[in-house]
Amino acid sequence: MIYEGRPLYSRYAPKARAEQTAEAFTPSPHSICLLPSPLLGYGVEIIRKKCANQSKCFFFCVEVDKALFELTTECECFFFDESRFEKSLTDLINRIRAPLSIDRYRKVFVPVLNNAYFLHKDLYDRIAFAVQKEIDFFWKNRSVLLFFKDLPFRNIFRNLKIGLDDSILEKENTDYFVCGAGESLEDVLPFLSAQRTFFRIVAADTALPVLLKSGIIPDFVVVLESQSANISDFIYGIPQKTVYITEISSAPSANRHFRRKKPIQIPFTQAACADRLPQHFAPFPQTGSVGVAALTAAFELTSGKIFIAGLDFCFSPGKNHARGTESHESLLRQHSRFSGFENGFASATTFAESVCGRRVAVSPALLNDASLIRTEAAHWKRVYDCRTDGLPLGLPRISTKEISLPKKPLKPLNVSAVPEVPVSESAVFFENETVLLATAENELAAGNLSDETAREIDYLHRFFPDYPPDHRNRSYEVRVAFFVKKFQRLLKKINRRPI
């Protein structure tokens, strides 16, 4: 069987060789088996039976070549259209979620039974990586919820009381600068200050004080932090013409001061109450750090070139962020004869080599954020690395001297506000939640919390370590009852006075 000059099976024993490879494959429990290009089905049934006998192992076939897909008649196969990568990936993820919840999976395996895999190896590997990333993000979200508990959901309620007015942003064809809070940001400040009118600037909230101290007012600031710790990033001012791309579960202590907002919703906060919210929020992909979120936002805002600075994903002793950030100044204030700058390595677990060959400190979270960009870098044609240091990201590097400026300065950012949600609609939402919590309280008191009510109030227990439970025991219901009381007090406070 020859295709594009390549034999797809062994010339001497095509079926026997494929079945021999299948017999050697051992799937792991709680895994996804992605079989690329099943073709004539040789060996497919062997792997399917192995996966069926393994604990919570999901098996499916994928084909990316239309001609080979038409040959596949022996088994069910999913056709992945590369020209519509994101749409096909969404369909594929939904297919995985259908028979078994994504929380049952841990790892993706790609058994290779024939040479058709090597015709499109890069694409198959990219699909497998995307599915693995979906699983990884799920478990990272679980860890975030385990840490924050009910804080993100309490913030959603508080932010609705404050008001999450939306802004309409039109996609432009202009050059954007994405600014993180890493050390390399310092080196581009003179350039950005001199050529400010030729770029739109998207900044992570941590980088805002650095830019303001240099006289640079960003066009957009991305805010994701659920805790009030990031309020210190705004002590040097909150520019009123800046648009704040804020996650709906971010800290209300900062949100209340923003005049222009673009509220977004990251999937980890999508509880059942999301469908009951009085307004629709723009969905935003899971990105990890706020710096990667700023880069993702730039992709949504422009079709032009994107330059990055400050996304270092590493740090130096005593300098975990750029000079001028609140965290760096805090380290300076704490410095004494007994507590030196070397304590800046406290959160580092390993060391790596930067693009300049320098030995820098990194953490697992920083390495993961850098790998996210490095994996996608090969598919980005308009992102340029202006950093003078940092972990390698696989992007084309360019100095500020090599950047070609537009012929004319940019016009002011065109922002139009969406009419605010009437206060009455938010009041109705809070009233409905109050009734729902009262129903849950009565059912819990009677010892018969219904499955429907449990689903409706999942924001009270989806952060439990044992969520979703195989069965709700008394211990589980006691914990749910505690948070029912807690949110009832919150709603009384919201209805009594502004928060």
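- The line from CG of Leu436 to CD of Glu431 is 12.5 Å long, rounded to the nearest 0.5 Å.
- Remark: aromatic rings of Phe487 and Phe153 are distant, center separation not under 6.0 Å.
- Nearest approach of Pro38 to Val62, heavy atoms of both residues: CD-O, 4.0 Å.
- Across all non-hydrogen atoms, the minimal contact from Ile162 to Arg256 is CG2-CA, 3.8 Å.
- For Phe258 and Phe234, the gap between ring centers is short of 6.0 Å.
- Paired with Asp205 under the rule side chain to side chain contact (heavy atoms under 4.5 Å, CB included), one option of Val222, Leu224, Ile245, Asp233 passes, and it is Asp233.
- Side-chain contact annotation: Glu452 with Ser450, donor-acceptor N/O pair under 3.5 Å absent.
- Side-chain polar atoms of Tyr105 and Glu134 form no donor-acceptor pair below 3.5 angstrom.
- Side-chain atoms of Arg374 and Leu395, non-hydrogen and from C-beta on, never get closer than 4.5 Å to each other.
- With contacts defined as side-chain heavy-atom distances shorter than 4.5 Å, the pair Cys33/Phe25 qualifies.
- Taking the side chain as every heavy atom from C-beta outward, Tyr117 and Val110 approach each other to under 4.5 Å.
- Under the side chain to side chain contact (heavy atoms under 4.5 Å, CB included) test applied with Leu34, the options Phe78, Phe109, Phe60, Phe58 reduce to a single match, Phe60.
- For Asn53 (side chain) and Lys49 (main-chain N/O), a donor-acceptor pair under 3.5 Å exists by modelled atom type.
- Residues Glu225 and Ser250 have side chains that never bring a donor and an acceptor to within less than 3.5 angstrom of each other.
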Tyr244/Asn255 under side chain to side chain contact (heavy atoms under 4.5 Å, CB included): CA gap, chis, key distance, verdict: CA-CA 9 Å; Tyr244 296 87; Asn255 268 329; over 6 Å; no

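- For the pair Ala203 and Leu211, the tightest heavy-atom approach, listed with the atom from each and the gap, is CB-CD1, 3.6 Å.
- Using a cut-off of 4.0 Å between Lys/Arg side-chain N and Asp/Glu carboxylate O, Asp150 and Lys486 are scored as salt-bridged.
- If you take OG on Ser363 and CZ on Phe315, they are separated by 6.5 Å, rounding to the nearest 0.5 Å.
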Please walk me through it: do Asp369 and Leu311 pass side chain to side chain contact (heavy atoms under 4.5 Å, CB included)? CA-CA 10 Å; Asp369 291 338; Leu311 300 179; over 6 Å; no

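- The backbone N or O of Ala454 lies less than 3.5 Å from a partner atom in the side chain of His461, making a donor-acceptor pair.
- Taken to the nearest 0.5 Å, the NZ atom of Lys107 stands 8.5 Å off from the OG atom of Ser28.
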Apply side chain to side chain contact (heavy atoms under 4.5 Å, CB included) to the pair Ile217 and Lys241, showing each step before the final yes or no. CA-CA 9 Å; Ile217 299 178; Lys241 292 186 178 180; 5.9 Å; no

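- Cation-pi contact between Lys262 and Phe220: absent, since separation from the ring centre below 6.0 Å together with deviation from the ring axis within 45° is not met.
- Atom CG of Asn442 is separated from atom CG of Leu449 by 11.0 Å, given to the nearest 0.5 angstrom.
- Of the possible donor and acceptor atoms, none in the side chain of Asn448 sits under 3.5 Å from a partner among the backbone N and O of Leu444.
- Here the side chains of Pro465 and Leu146 are in contact, with some heavy-atom distance below 4.5 Å.
- At a cut-off of 3.5 Å, with distance as the only test, a side-chain donor of Asp136 or Gln132 sits close to an acceptor on the other residue.
- Side chains of Glu172 and Thr302: no donor on one and acceptor on the other come within 3.5 Å.
- How far CZ of Phe463 is from CG of Asp458: 10.0 Å, rounded to the nearest 0.5 Å.
- At a threshold of 4.5 Å between non-hydrogen side-chain atoms, the residues Trp380 and Ile373 count as touching.
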Audit row: Ser371, Asn368, side chain to side chain contact (heavy atoms under 4.5 Å, CB included) steps and yes/no: CA-CA 5 Å; Ser371 69; Asn368 180 70; 4.0 Å; yes

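- Side chains of Ser253 and Ser228: a donor-acceptor N/O pair is present below 3.5 angstrom, by distance only.
- You'll find the side chain of Gln240 reaches within 4.5 Å of the side chain of Ile238, heavy atoms only.
- The pair Arg276-Glu433 meets the salt-bridge criterion, with a side-chain N (NZ, NE, NH1 or NH2) lying under 4.0 Å from an Asp/Glu carboxylate O.
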If you apply the rule salt bridge (charged side-chain N to carboxylate O under 4.0 Å, His left out), what do you find for Glu441 with Lys485, and how did you get there? CA-CA 8 Å; Glu441 183 183 27; Lys485 291 286 188 183; 2.6 Å; yes

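- Considering only heavy atoms from C-beta on, Phe147 stays 4.5 Å or farther from Arg142 through its side chain.
- Proximity of a side-chain donor or acceptor of Asp312 to a complementary backbone N or O of Cys314 within less than 3.5 Å is not detected.
- Remark: Arg479 qualifies as a cation-pi partner of Phe464 under the 6.0 Å distance and 45° angle criteria applied to the six-membered ring.
- A donor atom on one side chain and an acceptor atom on the other are not found under 3.5 Å apart for Ser249 and Asn155.
- Residues Tyr124 and Phe80 place their aromatic rings such that the two centres sit no closer than 6.0 Å.
- A salt bridge does not link Arg455 to Asp451: none of the charged nitrogens lies less than 4.0 Å from a carboxylate oxygen.
- At a threshold of 4.5 Å between non-hydrogen side-chain atoms, the residues Arg387 and Leu393 count as touching.
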